[in-house]
Amino acid sequence: MMIFNALFAIWAVVGFAVIFCWLVPSARWAERVNLTAAIISFLLVVYLLWAAPVKGVTSVHDYLLLDGFGVWVLFCLAVVYLLASVYAIGYMRWMHDEAKRLHRFYSLFAAFALTMFLAPVQNNPGLYWIAIDLTTIVSAFLVGFQRAPQSIEAAWKYIVIVSAGLGLALLGTVLFYWGGTFVLGPVYAMTWANFAAITPKTDSVLLMLSFLLVLVGYGTKVGLAPMHTWLPDAHSEGPAPVSAMLSGALLNCAMLGIVRYLHALVGTDVAETAHTALVVLGTVSLLVAALFITRQTIIKRLAAYSSVEHMAVIALGFGFGGPLGIIGALYHMLNHSLAKSLVFFGAGNMMHAYGSKRIDAVRRVLDYYPKSGALWLAGAVAITGAPPFGLFLSELTVLRGGMAGQNAWAVWVMAVLLIVIFIGFLNHFRAMYFADRPPEHRPHLKLSAWHVAPLAVALLGVLALGLWWLPMIWQHLDAIAQHLGGPLHAAS
Amino acid sequence: MLIFHLDPLASSIFSFLVIVALILAFVMLGSHWIRNHVYAFAAESWVIAALSAAIGFYGHYPELFIIAALTALLRGTVLPILLLRIIRDLKLNREFTPLLQPSSSLLVGGLLVVFSYALAHKIGLRLDLVNSFAVLALTTMFGMKLIGFLMLVLRTEAVSSILGLLVIENGIFLGSQILVPGMPLLLEMVILFDLLIIVSTFGLLIRYLHREIGTTSSRDLTRLVG
């Protein structure tokens with residue numbers, strides 16, 4: 001079928017970039033090949049977005065599934081991969097110490113993208129688990145790429161904590177399958193559709209236990225508190241393009257797993273409790289994010305805790321359920337991917353310009369960098385959910401979705417915490433932009449178009465999404481929400 | 001299903017192997033010589049391989065023989081050799097900074113297994129499996145899982161973290177062999193190879209830790225907080 005050929009083409013192109021960049025020791029060629037792969041895969045994903053049926057179609061003996069939700073996650077990923085590949089060209093050229101290994105960076109970068117292109121289309125929950133595991137391994141090397149003590153420490157903590165979490169997810173997967181053996185017999189195909197088919201007849205205690213294990217397991221990877229502890233380390237110590245990919249693309253891929261399991265529970269008597277569990281985790285994460293954002297001293301950790309915040313918003317959207325909750329969460333995925341890339345790129349620029357990771361070293365940004373600084377400031381306003389940017393619309397939709405459901409209490413908590421985060425986050429930017437004191441070390445680094453253009457593109461995107469929610473996008477997300485809100489086994 | 005009708009001999013062989021695997025997890029918990037941890041892990045993997053083979057034989061799942069062979073080869077031989085090489089290269093001997101005495105950690109481990117049994121019993125009651133082998137399998141699965149987490153919490157040496165994760169993995173693998181022996185072969189093989197990649201990755205990162213930071217103890221990894 002055409003659409004699966006498009007998917008295979010993405011894998012082939014990105015896979016070629018992985019091998020080429022590893023073997024050919026030329027950073028310049030690696031930049032070009034990786035960027036070309038990103039452009040081609042972006043175009044192919046846009047085609048998939050248009051062509052793949054929302055209800056899903058499987059191929060290769062039911063091992064692969066292309067549905068509206070999976071393709072939407074692929075789309076967010078392709079957007080970030082493209083932006084990050086452009087930005088990486090400018091950013092990585094600053095790493096003079098690593099110049100000889102730079103082609104390896106692009107190889108790993110493409111490999112990271114490839115593992116993420118694999119995960120959302122797996123129709124077998126076990127293979128999905130493995131794809132997520134592979135993303136961890138590849139990205140740990142990217143986090144530790146600079147070989148600085150902090151980077152290695154972050155990579156180590158990342159891989160240990162996430163592997164332990166994924167162990168829980170695997171246990172949950174096995175128990176889910178075991179529950180099915182009482183319904184479908186000892187041997188059956190492990191697919192999302194079969195998991196959904198067995199849930200109405202499986203014992204509710206076993207079902208709930210399996211779901212909670214999966215939720216905590218993939219929740220670790222999503223960065224939901226209290227399993228989020230690796231996230232600020234990994235996101236702040238990797239190179240800026242990697243931070244953007246980890247935050248804007250990878251977290252969505254892991255969230256997809258939780259939502260697919262949640263979807264399999266629709267129509268059972270544990271569905272309500274499962275949704276509430278997700279809402280509780282989301283609320284706790286928001287609280288943790290609010291506390292750590294307010295007292296933060298490191299620029300990129302600020303952005304990293306903001307990722308915890310936005311994953312919490314997405315978790316709340318899916319946890320609230322209902323058409324509005326799910327539509328809001330899906331729209332928020334794309335908005336967050338764009339805005340967070342912008343914030344990380346801007347942070348990377350300023351960290352290098354001022355030669356420090358600390359917020360208090362960066363002062364009076366607009367005096368030195370009017371263009372890039374203005375873009376970064378706009379990005380900060382966008383990421384806190386202020387109008388007229390897309391995140392405002394999606395957060396509002398999630399809040400509205402929550403009002404209608406059983407967990408309306410969480411709406412109030414969420415609204416208060418979002419305001420706290422808005423004030424806390426922007427207060428740091430106020431200090432960086434408008435404090436009276438000039439910086440101790442004046443920045444004199446020149447920023448090229450490679451460093452500024454990706455910020456402008458991301459900002460335009462998130463602004464457009466905020467000014468005008470295209471009816472086409474709304475209808476598409478609505479169709480996905482209807483599919484995810486209804487029982488899966490009736491549809492397939 | 002396999003767990004419903006077992007002849008007494010098969011049942012006792014399975015129970016024996018499962019309990020040996022659980023005891024080996026306690027051996028790892030009680031000893032502070034890292035080398036012994038690796039030996040205990042290797043032995044545990046061979047026990048699980050034997051279990052796979054026994055289940056394949058009594059339950060008529062011929063593909064489990066392949067899994068058994070791969071388990072013995074990868075989990076029982078290759079992984080321990082990789083770990084021993086790391087230990088030799090970094091000249092590690094024993095865990096220096098245990099938070100608890102061996103006896104106390106054994107006690108905590110025992111309590112965790114009691115908790116696992118309570119959980120397994122509850123599930124067994126719900127599914128009418130109380131008198132079957134499934135409860136023992138679930139107990140061991142959850143018990144090894146929790147012991148692995150306990151090792152992650154108590155131990156500070158980087159190699160011990162890997163071993164803790166491997167015990168967690170072994171627990172899941174053991175449980176899945178008994179509960180869902182029909183789980184797709186492809187998946188089990190991929191998980192086995194995945195484990196190999198993970199451990200190689202860990203090995204590489206430990207060497208970086210050693211070279212760049214000069215320590216392999218998680219106690220000294222305190223640069224990133226807040």
Side-chain angles (χ1 to χ4, degrees), chain A residues 63 124-127 129-130 133-134 136-138 140-141 144 147-161 163-164 166-168 170-171 173-175 177-182 185-190 202-206 209 213 232-234 236-237 292 295-298 301, chain B residues 1-3 59 61 119 122-123 125-129 134 138 141-142 145 148-149 152 158 161-162 164-165 168-169 171-173 175-176 179-184 186-188 190-191 193-195 197-198 200-202 204-206 208-209 211-214 216 218 220-226:
Chain A
Y63 277 116
N124 180 323
L127 292 179
W129 181 87
I130 286 171
D133 209 28
L134 287 178
T136 314
I137 295 168
V138 179
F141 282 112
R147 305 266 172 90
Q150 284 96 332
S151 315
I152 303 285
E153 178 177 335
W156 177 257
K157 288 180 173 172
Y158 171 42
I159 198 166
V160 169
I161 295 172
S163 301
L166 285 178
L168 289 176
L170 182 63
L171 180 62
T173 311
V174 168
L175 287 181
Y177 188 87
W178 184 51
T181 57
F182 297 97
V187 182
Y188 65 96
M190 190 192 261
T202 310
D203 177 73
S204 56
V205 169
L206 182 61
L209 179 68
L213 285 168
D233 298 347
S236 66
E237 293 307 322
F292 280 87
R295 299 295 303 269
Q296 198 47 252
T297 56
I298 312 276
R301 291 182 87 84
Chain B
M1 196 186 299
L2 179 68
I3 49 179
Y61 292 101
L119 190 63
K122 163 128 184 152
I123 294 175
L125 275 179
R126 301 278 307 197
L127 299 176
D128 272 336
L129 290 171
L138 281 173
M141 191 170 176
F142 297 145
K145 180 112 211 163
F149 270 105
L152 278 178
S161 302
I162 306 181
L165 289 172
I168 294 175
E169 279 273 336
I172 300 171
F173 200 71
S176 70
L179 298 176
V180 285
M183 201 163 80
L186 171 80
L187 191 62
E188 309 216 2
V190 178
I191 288 179
F193 282 104
D194 182 64
L195 205 63
I197 301 174
I198 283 240
S200 330
T201 308
F202 274 114
L204 212 55
L205 277 177
I206 287 189
Y208 290 159
L209 276 178
R211 203 170 58 208
E212 306 290 337
I213 310 185
T216 48
S218 61
D220 304 325
L221 300 181
T222 51
R223 281 191 180 80
L224 303 171
V225 284

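The sequence lines fix the lettering, A, B, ..., with proteins before strands; numbering per chain opens at 1. Heavy-atom basis, side chains included; hydrogens, waters and symmetry copies ignored.
Residues B/Phe142 and A/Leu171 are in side-chain contact: their nearest non-hydrogen atoms beyond the backbone lie under 4.5 Å apart. Side-chain contact between A/Leu168 and B/Phe149 is present, with at least one heavy-atom pair separated by less than 4.5 Å. At a threshold of 4.5 Å between non-hydrogen side-chain atoms, the residues A/Leu170 and B/Glu169 count as touching. At a threshold of 4.5 Å between non-hydrogen side-chain atoms, the residues B/Leu129 and A/Phe182 count as touching.
Note that OG1 of A/Thr136 is 7.0 Å distant from CD1 of B/Ile198, once rounded to the nearest 0.5 Å. In this structure, CZ on B/Arg126 lies 4.0 Å from CG on A/Asp203, to the nearest 0.5 angstrom. Taking CG of B/Leu165 as the reference point, atom CD1 of A/Ile159 lies at 9.0 Å (rounded to 0.5 Å).
Residue A/Ser204 touches chain B through both its backbone and its side chain, counting heavy-atom pairs closer than 4.5 Å. Only the side chain of B/Leu152 comes within contact range of chain A, with heavy atoms under 4.5 Å apart. Heavy-atom distances place the side chain of B/Leu138, and not its backbone, under 4.5 Å from chain A. The parts of B/Phe202 that come within reach of chain A are both its backbone and its side chain, each placing non-hydrogen atoms under 4.5 angstrom from that chain. Using a 4.5 Å cut-off between heavy atoms, A/Leu175 contacts chain B through its side chain alone, with no backbone atom that close. Within the 4.5 angstrom heavy-atom criterion, atoms from both the backbone and the side chain of B/Thr201 approach chain A. At a 4.5 Å heavy-atom cutoff, the contact between B/Ile123 and chain A is made by side-chain atoms alone. If you measure heavy-atom distances from A/Leu206 to chain B, the contacts under 4.5 Å come from the side chain alone.
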Before giving the answer on side-chain contact (heavy atoms from CB on, under 4.5 Å), spell out for B/Leu205 and A/Tyr158 the whole-Å C-alpha distance, their side-chain angles and the decisive distance to 0.1 Å. CA-CA 11 Å; B/Leu205 277 177; A/Tyr158 171 42; over 6 Å; no
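The two residues B/Glu212 and A/Arg147 make their nearest non-hydrogen contact at OE1-O, 2.9 Å.
Contact tally against chain A (heavy-atom pairs below 4.5 Å) for B/Gly175, B/Ser176, B/Ser161, B/Ala158: the top residue is B/Ala158. Contact tally against chain A (heavy-atom pairs below 4.5 Å) for B/Leu209, B/Ile168, B/Ile191: the top residue is B/Leu209.
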